[in-house]
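The structure presented is a predicted model; accordingly, all values stated were derived computationally and were not measured. So you know, we letter chains A, B, ... as the sequences are listed, proteins then strands, and number each from 1.
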2 protein chains.
Amino acid sequence: MTLLRDEGLTAEELAVWRMLQRAQVRITRRLESELLVAHDLPLASYEVLMQLAEAAGRRLRMNDLADRVLLSRSGLTRLIDRLQRDGLVTREACPDDARGLFAVLTDAGAGRLAEATPTYLRGIRTQFLDMLGNGEMGQIRAMLGRLDAAGVTGAAASAAGGGAP
Amino acid sequence: MTLLRDEGLTAEELAVWRMLQRAQVRITRRLESELLVAHDLPLASYEVLMQLAEAAGRRLRMNDLADRVLLSRSGLTRLIDRLQRDGLVTREACPDDARGLFAVLTDAGAGRLAEATPTYLRGIRTQFLDMLGNGEMGQIRAMLGRLDAAGVTGAAASAAGGGAP
DNA sequence: AGGACGTTGTTGCACAGACATCTAACAGCA
DNA sequence: TGCTGTTAGATGTCTGTGCAACAACGTCCT
């Protein structure tokens with residue numbers, strides 16, 4: 001532990017990490033703020049509505065949805081509470097499994113989503129995509145794909161002790 | 001949802017954006033969790049200690065520090081409250097400006113930072129840097145640099161109304 | 001000087017999210 | 001059929017964060 005050697009990061013590596021953090025926070029905050037002022041819709045809510053809109057039958061199991069929007073189960077419960085209170089989403093029982101619930105997008109929810117979508121897409125484009133050179137798209141995609149793959153397997157490795165490659 | 005034309009994102013663009021989001025959340029959560037279990041130190045606290053350690057005289061004005069760790073002023077006030085309660089940081093008056101306060105890293109704080117640093121660096125390496133091919137470092141750095149530059153100027157544009165040029 | 005205006009940091013408040021815990025419902029097995 | 005264990009969601013509680021309001025101080029301008 002005293003000798004870092006292997007773990008030591010170069011100045012460039014550390015700088016890249018910090019830039020990535022800053023970029024991510026900034027992009028996310030601006031996006032959220034734009035959605036909030038223009039449509040009174042938090043980013044997390046937008047993403048729930050978007051996932052539901054894309055899903056078959058405009059519905060998704062709570063558990064499934066929680067995974068997609070990277071929220072804890074309890075977190076999703078409260079978020080769906082709010083969306084349901086605002087009429088954007090309903091809960092429906094699952095026929096196959098009496099424990100299960102579907103979160104279902106209402107027409108009002110689809111409407112709000114449609115209103116907000118241009119803001120969302122424009123935000124992603126101006127805050128993020130515009131900064132990418134054309135050749136970089138492929139590069140980034142490849143890299144993120146690797147991060148993603150390693151992420152899933154890495155979860156198990158990490159839980160198992162994270163030692164050897 | 002009818003004609004998005006200009007704002008419309010290709011499937012690839014949207015996919016890249018989502019992968020980026022997922023990757024960032026995953027990396028951050030793992031890092032935080034590792035720091036928490038190994039050193040009982042949240043990521044935000046670690047970053048404050050790190051910034052202070054790097055600063056001249058191990059001290060930084062609250063405002064300055066808030067900018068560096070991407071926290072609101074009030075958020076930083078509470079965080080420093082906690083760190084001070086734990087003896088990792090002290091507040092000291094600023095001689096030049098009676099409104100100002102320095103957050104100052106204590107020896108205990110420096111100790112905790114030193115303990116946690118290997119975990120932090122190893123986390124960044126295994127969660128993030130290992131996924132980058134060697135050639136990609138430069139690519140990413142360039143891209144993030146552009147994002148960063150655009151971010152700063154974009155802030156003014158955004159604050160000014162964000163609409164027409 | 002003296003007063004308008006901006007800055008610095010803290011506080012009241014509200015809210016979003018996580019963790020632990022709980023209940024209801026399923027699956028398997030004797 | 002009655003246990004045991006597991007899974008899906010909901011709730012209680014706690015922490016952390018941002019925003020708006022505030023107090024204290026500095027700056028600038030006339």
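- Of the listed nucleotides (D:dT11, C:dC26, D:dG26), D:dG26 has the atom at the smallest distance from the side chain of B:Ala98.
- Comparing atom distances between the B:Arg99 side chain and each of D:dT17, D:dA24, C:dT10 picks out D:dA24 as nearest.
- Atom CE in A:Met62 sits about 18 Å away from atom P in D:dT7, given to the nearest Å.
- Following rounding to the nearest Å, A:Leu43 (CG) and C:dC15 (P) show an atom-to-atom distance of 19 Å.
- For C:dC19, its base never sits under 3.5 Å from the side chain of A:Ser72 at any donor and acceptor pair.
- With the nearest nucleotide of DNA chain C identified for both A:Asp96 and A:Arg73, A:Arg73 has the one nearer the 5' end.
- Residue B:Arg29 places at least one side-chain N or O closer than 4.0 Å to OP1 or OP2 of C:dA18.
- Taking 3.5 Å as the limit, the base of C:dG12 and the side chain of B:Arg78 contain a donor-acceptor pair of atoms between them.
- For the pair B:Leu71 and B:Asp97, both in contact range of DNA chain D, the more 5′-proximal nearest nucleotide belongs to B:Leu71.
- Within 3.5 Å, a donor on the side chain of B:Ser74 pairs with an acceptor on the base of D:dG18, or the reverse.
- Phosphate contact (OP1/OP2 of C:dG9, side-chain N/O of B:Asn63, threshold under 4.0 Å): present.
- What separates CZ of B:Arg59 from P of C:dG9 is a distance of 14 Å, to the nearest Å.
- In the model, A:Gln21 has no side-chain atom that pairs as donor or acceptor with a side-chain atom of B:Gln24 under 3.5 Å.
- Where A:Leu79 and B:Leu101 meet DNA chain C, the nucleotide closest to each residue was compared, and B:Leu101 sits on the side nearer the 5' end.
- Contact check on B:Asp64 versus B:Arg59 returns no salt bridge, with no Lys/Arg side-chain nitrogen under 4.0 Å from an Asp/Glu carboxylate oxygen.
- For A:Arg61, no side-chain nitrogen or oxygen approaches OP1 or OP2 of D:dA8 to under 4.0 Å.
- Rounded to whole Å, the distance from CZ on A:Phe102 to C1' on D:dA10 is 18 Å.
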